[in-house]
Every structure is written in C-alpha cells, then in structure tokens.
Amino acid sequence: MIKNTNASMNPGLLPSIIVLVASFTLVHLFYAGVVRPAADNILASQGTSSLSSIWIILKDLEQQICISLLFFCIFLMVFKLWRLVDEEPLYTRDFLKDHDKSQPLDVDEALRELNASSYSENPAMATWINCIRRFRNTQNVQHAADAIESSVDSLAAQLESGNNMIRYIIWAIPSIGFVGTVRGIGQALAQADAALAGDISGMTASLGVAFNSTLVALFISLILMFFMHLLNARQDAMVLRTQESCERHLLSHLHN
C-alpha cells in the first residue's frame, strides 16, 4: 500500500505536468502524421462530399486540443480511482486490532501508537486520533462519535475538492468547441462574397469547422461526465465505508 497522505488523492504537480505535456505532444504527432494528411488527401480527392469523413471532422485545432485534454482528464480520474482502490483497506481497517476489546482502552498508549505510525497524517488514521483525543478530554463517547462525523465530512470535502481540476476540464472542453464554432462562422462570413459569386467550397469548409468542433467537444464531454459520475459514486461509497468502519471498530474500543 502506498504511503501518500494526500486526502484529495490527486497526482503531484510534476507528474501532472509531465502527463499533460505528453498528452498534447502525442496527440500533436498523431495529428501531424495521420489525421491532417488523411484529411487533406480526402478533400483533394472527394471535395465537399467528404465532409462527413471522420478525418475531416477531427482535423481542426480545437478538436486536437479537446482530445489532448480528454487523455489528461482520463489520467486524473484513473489515478484517483487507483488510489481509492489501493487505499481502501486503510480506510476500513481497525488500527487498534491488537488491543483487547474486552478491556478498557488505554487512551494514552493508543494515541502514542497511532501517532508513531507512518500513516498518522492519513485522514483515516487522523479521524481515529481526533476521536480518541476528544474522548480523552471529555470522557464522553458521544463527543467522540461527533468527532468521527466531522472528520468524515472533512474527508468527503477533501475528496470532492480534489475533483476541481477534472470538473474544470470537463467545462473547458465544450467551451473550446464553441470557440471553434465562432472561428468557423467568422471564416464562413468572410467568404460570403466568394459564395455569392458561385464558389461555396470555402464557406462550406468553414462551416464544417464550426459544427465539427462543437460536435467533437460535446461528445468528449459526455464521455468524461459519465466517468466522473462513476468516480463520484466510488468516492461516496468509500466515505460511507470509512464512517461505518470507524463507528464499528473505534467506538467499540471506547465503549469499554
């Protein structure tokens, strides 16, 4: 099990930057080597009748940016899901399992043991430490239970705040698509004179930019929102299991 105490479960800044740069670089190389040459060949051979081709739909800059952000966002969600699965035993374990529940808990000894652990800064164990400290100060199990509730709420808030970058990317992708729409419509209007003269190929291509960028961006956004809901469901389940574990294991030690 990894010993990362980051409650938001996000990757560090340096790995995130590396993956972001790698996503944009690999997608750019794919576009330069495959997508745009294929789109140019199709346009040259088929003209405006080829506008429904997948290469034509994907060829513009806005679609390239959206696909790059798609891979980066998937990395963020997969990393967080991996952390949730990897650390799940830590959030549901009995940290005082070696203590006999039939005997009164030695609060000071328990605190020393928990504080000496390499996981002492992890939110799961921090919940135990806060609860036991509250019990030591008040000698009241209900106050300790209140500490569990507040700590679990804090954990849920940290997990949710860790999704801010993912939510921003999911919001930004359709916005980038709309930028492509505005750019394409502007280019189409600039070629209105040529269209009136009988050459509509330029206007058609520009309108293709406008519609394709929005189409691709919205489709990517739908995919990411689906995975975002799966991630949120996993987070909520872990928070509930954490609270249930604390109430089952920790309070059973304190009641004695």
Review item, side-chain donor-acceptor pairs of residues 220-228, under 3.5 Å, at least two apart:
none

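Rounded to the nearest 0.5 Å, atoms CD1 (I17) and CG (L13) are 4.0 Å apart. In this structure, CD1 in I67 is found 14.0 Å from NE2 in H28, a value given to the nearest 0.5 Å. In this structure, the separation between SG on C131 and CZ on R136 is 12.5 Å, given to the nearest 0.5 Å. Atom CZ of residue F135 and atom CG of residue N140 lie 8.5 Å apart, to the nearest 0.5 angstrom. From T181, atom OG1 reaches atom CD1 of I176 across 12.0 Å, with rounding to the nearest 0.5 Å. Here CG of N130 is found 12.0 Å from CE of M125. Values are rounded to the nearest 0.5 Å.
Under the 4.5 Å side-chain heavy-atom criterion for ILVMFWY residues, no single connected hydrophobic cluster contains both I18 and L26. L240 and L155 end up in different hydrophobic clusters when Ile, Leu, Val, Met, Phe, Trp and Tyr side chains are linked at under 4.5 Å. Clustering ILVMFWY residues whenever any of their side-chain heavy atoms sit less than 4.5 angstrom apart, transitively, puts L20 in the very cluster that holds V78. Criterion: ILVMFWY side-chain heavy atoms under 4.5 Å apart, direct or through other members. Under it, L159 and L90 are part of a common hydrophobic cluster.
Using a 4.5 Å heavy-atom threshold, the side chains of C246 and W128 count as touching. Counting only heavy atoms from C-beta outward, the side chains of V239 and D153 never approach each other to under 4.5 Å. In this structure, D60 and S213 have side chains that are not in contact, with every pair of non-hydrogen atoms separated by 4.5 Å or more. Counting heavy atoms from C-beta outward, L69 and F24 have side chains that approach closer than 4.5 Å. Between M238 and E87, every side-chain heavy-atom pair lies at or beyond the 4.5 Å cut-off. Annotation: side chain of L218 is not in contact with side chain of I173 (no heavy-atom distance under 4.5 Å). Using a 4.5 Å cut-off on side-chain heavy atoms (C-beta onward), I129 and L111 make contact. Side-chain atoms of N115 and R112, non-hydrogen and from C-beta on, never get closer than 4.5 Å to each other.
Closest approach of S245 to T92, counting heavy atoms only: OG-O, 2.9 Å. When all heavy atoms are compared, the tightest approach of Y31 to P37 is O-CD, 3.6 Å. When all heavy atoms of L81 and L231 are compared, the closest pair comes out as N-CD1, 4.2 Å. Residue A217 comes nearest to P174 through the heavy atom pair CB-CA, 4.0 Å, listed as atom of the first residue, atom of the second, then distance. Looking at every heavy atom in both residues, S16 comes nearest to F72 through O-CE1, 3.3 Å. When all heavy atoms are compared, the tightest approach of Q63 to L58 is CB-O, 3.5 Å.
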Given side chain to side chain donor-acceptor pair (under 3.5 Å), test R36 with Q64 step by step and report yes or no.
CA-CA 11 Å; R36 292 198 174 97; Q64 178 181 341; 2.8 Å; yes
Applying side chain to side chain contact (heavy atoms under 4.5 Å, CB included) to I132 and L96, what does each step give before you reach the verdict?
CA-CA 11 Å; I132 295 175; L96 298 175; 4.0 Å; yes
Show your working on side chain to side chain contact (heavy atoms under 4.5 Å, CB included) between L76 and N10 and close with a plain yes or no.
CA-CA 7 Å; L76 294 178; N10 288 329; 5.9 Å; no
With side chain to side chain contact (heavy atoms under 4.5 Å, CB included) as the criterion, how do T242 and T127 come out once you've worked through the C-alpha distance, each side chain's angles and the decisive distance to 0.1 Å?
CA-CA 10 Å; T242 301; T127 299; 5.6 Å; no
Evaluation steps, side chain to side chain contact (heavy atoms under 4.5 Å, CB included), between K80 and N163
CA-CA 9 Å; K80 193 163 189 176; N163 294 333; 2.7 Å; yes
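Using bins of under 30°, 30° to 60° and over 60° for the plane-to-plane angle, the ring pair F30/W55 lands in the tilted bin.
Comment: E160 engages R167 in a salt bridge, judged by a side-chain N to carboxylate O separation of less than 4.0 angstrom. Between R83 and E88 there is no salt bridge, since no side-chain N of the basic residue sits under 4.0 Å from a carboxylate O of the acidic one. Salt bridge annotation for R134-D146: absent, with no cationic side-chain nitrogen under 4.0 angstrom from a carboxylate oxygen.
For the pair S252 (side chain) and H249 (backbone), a donor-acceptor distance under 3.5 Å is present. S45 contributes a side-chain N or O that, together with a main-chain N or O of N41, makes up a donor-acceptor pair within less than 3.5 Å. Checking side-chain atoms of T214 against main-chain N and O of F211 turns up no donor-acceptor pair under 3.5 Å.
Open room surrounds CZ on F71; 12 or fewer heavy atoms of other groups in view lie less than 6.0 Å from it.
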